[in-house]
Structure formats: structure tokens, C-alpha cells
K.L.:
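Encoded as C-alpha cells, here's the structure I'll be asking about.
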Amino acid sequence: MAATTEAKVRQLAWVYDLNKCIGCQTCSVACKVLWTREEGEKHHWWMSVNTMPGLGTPKAWETMGGGVDTTTGKPLPGHQPTREEFGGGFEFNYDEVFYGGTSGKAHLEPQAPRENRWAMNWDEDQGAGEWPNSYYFYLPRQCNHCSNPVCMTACPTGALHKTDDGLVLRDEETCMGDRFCMEACPYKKVYFNYERHVGQQCIGCFPRIEAGVAPACVRQCPGRAVFIGYLEDEDSPVHKLVREWKIALPLHAEAGTGPNVYYVPPLSPYRLNEDMSIDTETPRIPPEYLESLFGPSVHQALATLKSEMDSVREGGSSEMLKTLIAYKWQELLGPFTVDPATLTPGGNGHQGA
Ligand code: SF4
Ligand code: SF4
Ligand code: SF4
């Protein structure tokens, strides 16, 4: 995949339908087993699914700064997440449990100090609010392959580049391990490899893309919750959801990086009153919270979704809802419909089923 210095021709984009994501972490594991099993990558989760509201990974990433100063175009200051904030990967007490003669008395547990424990999914399903109005939803997160990638701007060695397909890739030979990219990325989606002394992040599964195979996070999703395609392709569900129907929105667009991962925001049940009657005026997920993530357009996006659902309930038909349901799951894959099982084992793109 050649780098380009010209204006990019097309941009790959992902759309996650948060109404279909079941938080199963299959995407996280599919990515992990493909790409981050080497030395120094124990704490790498290029794909991670956070419970929202929540601190996520790295811990409290939304408070760590970074992004673009829209006046100067320069990177804003940001915190460089530590291995511990990502959840460093625990050592367990295997010897004690299996060989220490403590069978039945000791149980497996992480050996990190209790007060410092954190991991990719540490606050899973905690959410917010009080019963019976507690709530949460899942937010899959990966590198956004931004149109204005501040990680690239911040890198003093020019190790990052935009490809013809709009992916943000790193030349690990050029990377000096300065970690300015980690500070600058507002999504905190760059990981440091402490063994090889380089930054690493989602590579958009580019070897699979080149072979016509969808990224593992897309192809493996059992919820059929994620689409991939080119934003410019008017026939692509990605184009329709983002540009035509405007129901898929970027996360924290205010950070100024032009993210290319989009989200169909979560619909919400209504709040229950003390007598358990339904307050049909108030959604359980506070709209202002969704606005803090997806910007003010989230209200119109949710209104559009509800309107389409009402129309179908009244006997109408909705291309938008059919697209989101994805009756033909291959439609999720955009142009990347090649079955990886048909490729030559070990060949380019043969990266798991
Ligand atoms: Fe959500 Fe799909 Fe990932 Fe499961 S695999 S967590 S449904 S995006
Ligand atoms: Fe760079 Fe972060 Fe954007 Fe990825 S999400 S392209 S690492 S700024
Ligand atoms: Fe991981 Fe590939 Fe998905 Fe990126 S595109 S998060 S590398 S599975």
C-alpha cells in the first residue's frame, strides 16, 4: 500500500451501530490474536470495547488531553498514558495455586497491588445511574485513521503517513519511540512497545484489505454491528449512514483530528418513575451525555432513527433500517468480501477466518 503526498483519493471508514453491539469483545480478541501477540504487546488492545459511561482504557482516557489546536493547527498538550493506565497485563499466582499445595484454598488472582489494578475491561458493565434507571452501552474503539492525524503532525521523525486508502500507518524502522504521538492522540489509541521501543496502533488490517478481505474486527463481529467501506462510494452503507442519512457520527469530533470511525448512537428506554410508571418524556441515557460524546448532531440522528422506526411500525418501509439490520451480512464488508479461508495459507491477507 503506497504512501501518498497528494490529496487522498478515498477514505476507509468504519461505522459501529451501538444499538447492535453486544459488548462481546470478539472484535477485541480477533484483533489481539492477529496482531499483538509478540513481545512487548501484552497490554496492547488495538481494538477495545469500553462500557460507557466509564473510565475505559487507558484509564480515564477522555481526560488525558491531546488533539489539534484549531487556531494554529498544532498538537495540543496531552498526557502520555502509562502501561499501568492501559492495564499492564497481570502476573498471576499460578505456582501457588497449581504447585503450592494450596489446592482448594488459594484462587487465581492478579498479583498487582490491589489499589493499582486496571485492565482493558476493568469497569465493564458498571455504567451509571441508580436502579431502576441505571444505564450503560458499549463503545468499540480503535485508531480512527483520522483525516487530520495529529499523531502524524506530532511525530518528529515522520514515521507516520496516510495511505491512498486513508489509513494512518507507521514505519517502525523510522519510529524512534519518542511517544509524542501518544501524547497528541486525543483517543489514546497509540500503544508503546517497551521491548522494541516503538509506538504501535491499529493498522486497519491493511494486509487483509489488500487481499480483499475485511478487517478482522469487522468480519468476526457476531452482532453484525460494524460496517466498513469507502466514504466516497455512494453505494456503500458507510457513505449512506454517515453522509446521506447522517445517523452515524464521529466520537469527540471537537478534538479536531477528523476521525473516520463513526457511531450510530444508542437508543434508550424511558426512565421509570418511583411508582414504576414510565416517564415517556425522559430517555434513560441522558441526551446531554450523548451530546458530550457525539456532538449536538446526536439529537437529530436519534430523532431520525425513531422516525424511521415509527414509519415501519405503521407499515412503511425503511431502506435505512434495512441497511442497519444487514439482512445480507456481506453488505457489512463493503468491497472486502473475499473469504480469508479461500486464500493460500501463509499468503498475503491470510490472517485468520
Ligand atoms: Fe460489539 Fe461486534 Fe465487537 Fe462484539 S464483536 S463487542 S458486537 S463490535
Ligand atoms: Fe492518530 Fe489517534 Fe487519529 Fe489514530 S486516532 S490517526 S493515533 S490521532
Ligand atoms: Fe485490529 Fe484490524 Fe480492526 Fe485495526 S482494523 S482494530 S488492526 S482488527
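Each ligand, and each atom within it, is numbered from 1 in the order the structure gives.
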K.L.:
Output the list of atoms in ligand 3 that are nearer than 4.0 Å to some heavy atom of I203, sorted by atom number.
P.N.:
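Answer, ordered by atom number: 7 (S).
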K.L.:
Which word best sums up how the rings of F92 and Y94 line up, parallel for under 30°, tilted for 30 to 60°, or perpendicular for over 60°?
P.N.:
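Tilted: the ring planes of F92 and Y94 meet at 30° to 60°.
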K.L.:
Quick one: nearest non-hydrogen protein atom to atom 1 (Fe) of ligand 1, plus distance?
P.N.:
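Sorting protein heavy atoms by distance from atom 1 (Fe) of ligand 1 puts C21 SG, 2.4 Å first.
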K.L.:
For Y194 and H43, what are the C-alpha separation, side-chain angles and deciding distance, and is it a ring-ring contact (aromatic ring centres under 6.0 Å, His included)?
P.N.:
CA-CA 10 Å; Y194 291 85; H43 67 291; 5.7 Å; yes
K.L.:
I need the atoms of ligand 2 closer than 4.0 Å to a non-hydrogen atom of N144, numbered in the order shown.
P.N.:
4 (Fe), 5 (S)
K.L.:
Is there a donor-acceptor pair under 3.5 Å between the side chain of S134 and the backbone N or O of E130?
P.N.:
no
K.L.:
List every atom of ligand 3 that sits less than 4.0 Å from any heavy atom of M47, numbering the atoms from 1 in the order shown and giving each element.
P.N.:
6 (S)
K.L.:
Is the closest heavy atom of G204 to ligand 3 under 4.0 Å?
P.N.:
yes
K.L.:
Looking only at heavy atoms, is any part of W14 under 4.0 Å from ligand 3, and if so is it the side chain, the backbone, or both, or is it neither?
P.N.:
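Side chain only; the backbone of W14 stays clear of ligand 3.
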K.L.:
F137 and Y135: aromatic ring centres closer than 6.0 Å?
P.N.:
no
K.L.:
Specify side chain, backbone, both or neither for I22, according to which of its non-hydrogen atoms lie closer than 4.0 Å to ligand 1.
P.N.:
both
K.L.:
Could you check whether any side-chain N or O of D17 sits under 3.5 Å from a backbone N or O of N19, counting only pairs where one atom can act as donor and the other as acceptor?
P.N.:
yes
K.L.:
Should the pair H145 and W14 be assigned to parallel (<30°), tilted (30 to 60°) or perpendicular (>60°) ring geometry?
P.N.:
parallel
K.L.:
Which ligand 1 atoms are under 4.0 Å away from a heavy-atom of C27?
P.N.:
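In order of number, 3 (Fe), 5 (S), 6 (S), 8 (S).
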K.L.:
Where does P215 meet ligand 3, judged by heavy-atom distances below 4.0 Å: at the side chain, the backbone, both, or neither?
P.N.:
side chain
K.L.:
Should V226 be listed as contacting ligand 1, given a heavy-atom distance under 4.0 Å as the test?
P.N.:
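No, that is not the case, since the closest heavy atom of the residue is not under 4.0 Å from the ligand.
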K.L.:
Taking all atoms of both residues into account, what is the closest heavy-atom pair of Y230 and D165, and its distance?
P.N.:
OH-OD1, 3.1 Å
K.L.:
As an exercise, identify every atom of ligand 1 less than 4.0 angstrom from a heavy atom of C221.
P.N.:
2 (Fe), 5 (S), 7 (S), 8 (S)
K.L.:
Can you name the one residue among K189, Q25, R141 that meets side-chain hydrogen bond (donor to acceptor under 3.5 Å, both in side chains) with S48?
P.N.:
K189
K.L.:
Using non-hydrogen atoms of the residue, decide whether Q201 is closer than 4.0 angstrom to ligand 2.
P.N.:
yes
K.L.:
Can you tell me which residue and heavy atom of the protein come closest to atom 4 (Fe) of ligand 2, and the distance to 0.1 Å?
P.N.:
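In this structure, atom 4 (Fe) of ligand 2 has C143 SG, 2.4 Å as its nearest protein heavy atom.
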K.L.:
Taking all heavy atoms of D125 and all of Y138, pick out the closest pair and write down the distance.
P.N.:
OD1-OH, 2.6 Å
K.L.:
Do me a favour and list the nearest non-hydrogen protein atom to atom 6 (S) of ligand 2 with residue, atom name and distance?
P.N.:
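Among all protein heavy atoms, the one nearest atom 6 (S) of ligand 2 is C146 N, 3.4 Å.
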K.L.:
So, do L18 and Y263 sit near enough that their side-chain heavy atoms are less than 4.5 Å apart?
P.N.:
yes
K.L.:
Restricting to N/O/S atoms, is C151 within less than 2.8 Å of atom 1 (Fe) of ligand 2 or not?
P.N.:
yes
K.L.:
Starting from atom 3 (Fe) of ligand 3, find the nearest protein heavy-atom neighbour and note its residue, name and distance.
P.N.:
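Answer, as residue, atom name and distance: C217 SG, 2.4 Å.
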K.L.:
Anything under 30° is parallel, anything over 60° is perpendicular, the rest tilted; go ahead and classify Y191 against H44.
P.N.:
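Taking H44 first and then Y191, their aromatic rings sit tilted (interplane angle of 30° to 60°).
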K.L.:
Under 4.0 Å from a heavy atom of Y187: give me the atoms of ligand 2 that qualify, with their elements.
P.N.:
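Reading through ligand 2 atom by atom, the close ones are 5 (S).
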K.L.:
Record the part of Q25 in heavy-atom contact with ligand 1 below 4.0 Å; permitted values are side chain, backbone, both and neither.
P.N.:
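Backbone only.
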K.L.:
Only heavy atoms of W35, strictly under 4.0 Å: list the atoms of ligand 3 that pass.
P.N.:
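Ligand 3 atoms under the 4.0 Å threshold to W35: 2 (Fe), 7 (S).
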K.L.:
Quick test: of every protein heavy atom, which one is nearest to atom 2 (Fe) of ligand 2, and how far off is it to 0.1 Å?
P.N.:
C185 SG, 2.3 Å
K.L.:
Applying a 4.0 Å heavy-atom criterion (strictly less than), which segment of V168 is in contact with ligand 2: side chain, backbone, both, or neither?
P.N.:
side chain
K.L.:
Cation-pi check, K59 to W118: give yes when NZ or CZ is under 6.0 Å from the six-membered ring centre and within 45° of the ring axis, no otherwise.
P.N.:
yes
K.L.:
At their closest point, which heavy atom of R170 faces which heavy atom of C175, and how far apart are they?
P.N.:
NH1-SG, 3.7 Å
K.L.:
Output the list of atoms in ligand 1 that are nearer than 4.0 Å to some heavy atom of P222, sorted by atom number.
P.N.:
5 (S)
K.L.:
Going by the order shown, which atoms of ligand 2 are within less than 4.0 Å of some heavy atom of V190?
P.N.:
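Listed by number with element: 7 (S).
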K.L.:
At less than 4.0 angstrom from any non-hydrogen atom of T26, what atoms of ligand 1 do you find?
P.N.:
5 (S)
K.L.:
V49 heavy atoms, cut-off 4.0 Å: which ligand 1 atoms fall inside?
P.N.:
6 (S)
K.L.:
Minimum heavy-atom separation for L160 and C151, please, with both atom names.
P.N.:
CD1-O, 3.5 Å
K.L.:
Taking all non-hydrogen atoms of both residues into account, name the closest pair between V226 and C217 and its distance.
P.N.:
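Scanning both residues completely, I find the closest heavy atoms to be CG1-O, 3.7 Å.
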